[in-house]
Asker: 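One structure follows; several queries about it will come next.
Indexing begins at 1, ligand by ligand and atom by atom, following the structure's order. This structure is a prediction, so every number in the text was calculated from the model and none was measured. Residue indices begin at 1 and follow the sequence shown.
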Amino acid sequence: MTRPDTVLALDIGGTKMLAALVRGDAVVETFKMPTPRGGDPEQWLTALFDAISGWKGRYDTVGVAVTGIIDDGCWSPLNRKTLDIPERFPLVATVKRLSGSNAVFAANDAQAAAWGEYCFGAGAQENLVFLTISTGIGGGIVVNGSLLGGLGGHFGLLRSLDEDAGVLEDHVSGNWIAAQAAPHQAGASAREVFAASAAGQGWAADIIQASARQTALLCRNIKLMLDPARIVIGGGIGLAPGYLESVRKALGSLPPRLTPQLHAAALTESAGVVGIADLAKRQS
Ligand code: BMX
């Protein structure tokens, strides 16, 4: 028997794909698999729905949060280094076919997580900016109870005046941390870099501090641009042991009025599925 209050929520990021059955802020059941590095979204989604085929009949509405941008139900990349997908993949139509549901809503992953934290997590119903420091850097902005859509919050794609420097996330996030570690520990993942730092490896601590300094500068600039009551930080890097403290230290001594108030994401990796589930229910 279908539970009308149960939503199938998918969160597809550059590193992992998470499927969850969600009721309000409660995650009832989950399934997680790595985001394949090859193939295309059609194959990835087919594999994901095959894996959760036992959930059929337990949901009506489907919410899909993805890294990248959604326009008219179609999914496109903004930074192929974060996830290399074709332009304007027909995401909503594909999920409708695979799920058998006609109530499918898609949004950017970080915007969905921002909404989840605003409604049920560390947002406390105040104006907030959410940052996920993960494969890339994603963001979401909630102002006066409304979530900004479209490109809103795509802080990872900010550029400096140095045209050759590329985009911000290519100097901060998980992909960058792993690339910086290569000369010290071949093939090390960002998670392994944090482990090496915790084990006293100075090279690893230096990489993490360099990332944290960039994130701190981003938070200072967000405070000046949007003056959110709080900046909620999530993502595999953002929630890694010691990272948020490193960002706070890197803020340095700012006048209190200019100091961003940083909070760890309360919903951790569930923020995206909880947020997209609520957004999808509001649309259906
Ligand atoms: C990139 C961009 C954003 C995304 C952010 C975090 C792509 C594919 N993604 O800036 O849309 O929110 O990365 O992505 O262009 P994640 O996979 O780290 O959650």
Asker: Hey, is Ile69 one of the residues with a heavy atom under 4.0 angstrom from ligand 1?
Answerer: no
Asker: Could you tell me whether Arg248 atom CZ has more than 12 heavy atoms of other residues or ligands within 6.0 Å of it?
Answerer: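 Yes, enclosed.
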Asker: Would you say ligand 1 has an N or O under 3.5 Å from any N or O of Gly136?
Answerer: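 For ligand 1, there is an N or O atom that lies under 3.5 Å from one belonging to Gly136.
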Asker: Can you list the ligand 1 atoms lying under 4.0 Å from a non-hydrogen atom of Ile137?
Answerer: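 By the 4.0 Å cutoff, the relevant atoms are 5 (C), 6 (C), 10 (O).
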Asker: Which ligand 1 atoms are under 4.0 Å away from a heavy-atom of Gly14?
Answerer: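 It comes down to these atoms of ligand 1: 17 (O).
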Asker: Under a 4.0 angstrom heavy-atom cut-off, which atoms of ligand 1 come close to Leu78?
Answerer: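 Within the 4.0 Å cut-off of Leu78, ligand 1 contributes 7 (C), 15 (O).
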Asker: Polar contacts were defined as any N/O atom of the residue lying under 3.5 Å from an N/O atom of the ligand; does this apply to Asp109 and ligand 1?
Answerer: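 For ligand 1, there is an N or O atom that lies under 3.5 Å from one belonging to Asp109.
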Asker: Check ligand 1 against Ser134 and write out every atom of the ligand that is under 4.0 Å from a heavy-atom position of the residue.
Answerer: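 Ligand 1 atoms under the 4.0 Å threshold to Ser134: 16 (P), 18 (O), 19 (O).
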Asker: Could you verify whether a donor N or O on one side chain and an acceptor N or O on the other, from Ser211 and Tyr243, lie under 3.5 Å apart?
Answerer: yes
Asker: Is it the case that more than 12 heavy atoms not belonging to Glu163 sit under 6.0 Å from its CD atom?
Answerer: no
Asker: If the cut-off is 4.0 Å to any non-hydrogen atom of Glu169, which atoms of ligand 1 fall inside it?
Answerer: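 That gives atoms 1 (C), 10 (O), 13 (O) of ligand 1.
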Asker: Would you say Leu218 and Leu158 make side-chain contact, with heavy atoms under 4.5 Å?
Answerer: yes
Asker: Side chain, backbone, both or neither: which part of Asn108 comes within less than 4.0 Å of ligand 1 when only heavy atoms are counted?
Answerer: side chain
Asker: Report, in ascending order of atom number, the atoms of ligand 1 lying under 4.0 Å from any heavy atom of His154.
Answerer: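 That gives atoms 3 (C), 11 (O) of ligand 1.
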Asker: More than 12 heavy atoms of other residues, nucleotides or ligands under 6.0 Å from CG of Asn102: is that the case?
Answerer: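 Atom CG in Asn102 is not packed in, count stays at 12 or less.
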Asker: With sequence neighbours left out, which residue pairs that include part of residues 80-93 fulfil the side chain to side chain donor-acceptor pair (under 3.5 Å) condition?
Answerer: Arg80-Asp84, Arg80-Glu87, Lys81-Asp170, Thr82-Glu169
Asker: Would you mind running through ligand 1 and noting each atom that sits below 4.0 Å from a heavy atom of Gly138?
Answerer: 5 (C), 6 (C), 12 (O)
Asker: With heavy-atom distances below 4.5 Å as the criterion, would you say the side chains of Val66 and Asp109 are in contact?
Answerer: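 Result no, sub-4.5 Å side-chain heavy-atom pair not found.
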Asker: The test is side-chain hydrogen bond (donor to acceptor under 3.5 Å, both in side chains); show your working for Ser189 and Glu192 and say whether it passes.
Answerer: CA-CA 5 Å; Ser189 65; Glu192 287 163 330; 3.3 Å; yes
Asker: Leu78 pairs by side chain to side chain contact (heavy atoms under 4.5 Å, CB included) with which of Leu157, Thr67, Asn108?
Answerer: Leu157
Asker: Any side-chain heavy atom of Lys32 within less than 4.5 Å of one from Glu269?
Answerer: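 In short, these two side chains touch, coming nearer than 4.5 Å.
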Asker: Against heavy atoms of Gly13, which atoms of ligand 1 measure under 4.0 Å?
Answerer: 17 (O)
Asker: To check your reading of the model: name the closest protein heavy atom to atom 14 (O) of ligand 1, its residue, and the distance in Å.
Answerer: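 Looking at atom 14 (O) of ligand 1, the protein heavy atom closest to it is Thr67 OG1, 2.9 Å.
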Asker: Just heavy atoms, cut-off under 4.0 Å: does Arg80 contact ligand 1 by side chain, backbone, both, or neither?
Answerer: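 The answer is neither; Arg80 stays 4.0 Å or more away.
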Asker: With heavy atoms only and a cut-off of under 4.0 Å, state how Thr135 meets ligand 1: side chain, backbone, both or neither.
Answerer: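 Both of them.
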